[in-house]
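Indexing begins at 1, ligand by ligand and atom by atom, following the structure's order. Numbering of residues begins at 1 and proceeds along the displayed sequence.
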Amino acid sequence: MDTCRAAVITEHNKPLTIQQVPIPKLDPGSLLVKITASTLCGTDVHRWHGPLSDGDTLPIITGHEPCGTIEEIAGERTDILGNPVKRGDRIVWSYVACGSCYYCTVALQPCICPGRASWGHNRSDEHPYLLGSCAEYMYVPPECLIIKVPDEVSSASAAASACAYRTVMHGFDRLGAIKSTETVVIQGSGPLGNFATAVARDHGAKQVLTIGAPAARLEVTKRMGADAVLNLEEITDPKDRRKWVCDHTDGRGADIVVQVANNMAVPEGLTMLRDGGRFVNIGAGGNANISVRSLPQEMIFHTIRSGEPRHWLQAIDFLASRKKTFPFEDMITASYKLDQINDALQAMASYQVVKAVINF
Ligand SMILES: [Zn+2]
Ligand SMILES: [Zn+2]
């Protein structure tokens, strides 16, 4: 076996092609993983539509949310908890920060390391070829930390932990404790919004209010623990949405706002936050002119990028330990095969599905 099938972007906005891509020789400490599921993310759609600002060049294998079983290990490896891993183990694995720059060594903020390695945007015609998740196999560089996936977590949910869910865990990690008296507003009812709703509920908020659309997504949101939901398609005036939050909070506004929709939602989210509140901005929505008339007094504003290896572990732990409380599988709403990749991306691009998975 020297090649495997992969979904490759050869031209922006044009259908992806299924190509045979070389399987590389393993460097010491690296792994070859047979992919079991790859979930798709909004970023995959953006990269397909046009080059992102990070200077990627084509061809690339799309996808950066993989889960798979170990096919081969070059040498001995342990997981993030120090346990040995072996062929056949089902795993997810972290991105890799450089470990030697200012952000890695002094600031201890590896997610903003400029030399960080990540997947889904690497050239498929250059070694080690297999760094996108919509492929039968992926190469796992030696520096990656490995997280084993317990039996009670599906491959699709584990794959979603490799981007969406671990970023949410990072956000709540930075936010810190939520008091039992606090109201949390979640802006967004996609995979991040619904997962954030569950985490806020679990972390002990007095009430969780989630704002999103369409109605079908909000039905999932309710099952994920929202005390109340607001449908943006029905309540179209931001003033009415702010009033809805105030009506639930004795007129003060929310103690915590978690924005996971898009940077454009930040100004509205700030109007929903009480003075002294905390704002967590997880939107990956790219550039936005964030213009506000005034900021809440004494607020704290966190912006979150990606996740550290421990957040992968936290997401997997949460999925496993809260499986009986939250219907996580309801968030994966459409399943495709690799050769249906164009249908899957199109469905994501048109918001027909909450989260699409490619099952192998
Ligand atoms: Zn992503
Ligand atoms: Zn670094």
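The CD1 atom of Ile61 sits 7.5 Å away from atom CG of Leu131, with the distance rounded to the nearest 0.5 Å. Taken to the nearest 0.5 Å, the CZ atom of Phe279 stands 9.5 Å off from the CE atom of Met272.
Side-chain polar atoms of Thr183 and Arg252 form no donor-acceptor pair below 3.5 angstrom.
With the Zn ion (ligand 2) as the vertex, atom SG of Cys104 and atom SG of Cys101 span an angle of 110° (nearest 10 degrees). Angle SG (Cys113) to the Zn ion (ligand 2) to SG (Cys98): 100°, rounded to 10°.
A distance-only check finds no donor-acceptor pair linking the side chain of Asp89 to the backbone of Ile70 [under 3.5 Å].
Around the Zn ion (ligand 1), the protein N, O or S atoms found under 2.8 Å comprise Cys41 SG, His64 NE2, Cys163 SG.
Residue pairs meeting the ring-ring contact (aromatic ring centres under 6.0 Å, His included) criterion with at least one partner in residues 6-37, sequence neighbours excluded, do not occur; the list is empty. For the ring-ring contact (aromatic ring centres under 6.0 Å, His included) condition, no pair includes a residue of residues 209-237, sequence neighbours left out.
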Validation: residues 97-109 side-chain donor-acceptor distances under 3.5 Å, sequence neighbours left out:
unit_1 : atom_1 : unit_2 : atom_2 : d
Thr105 : OG1    : Cys101 : O      : 2.8

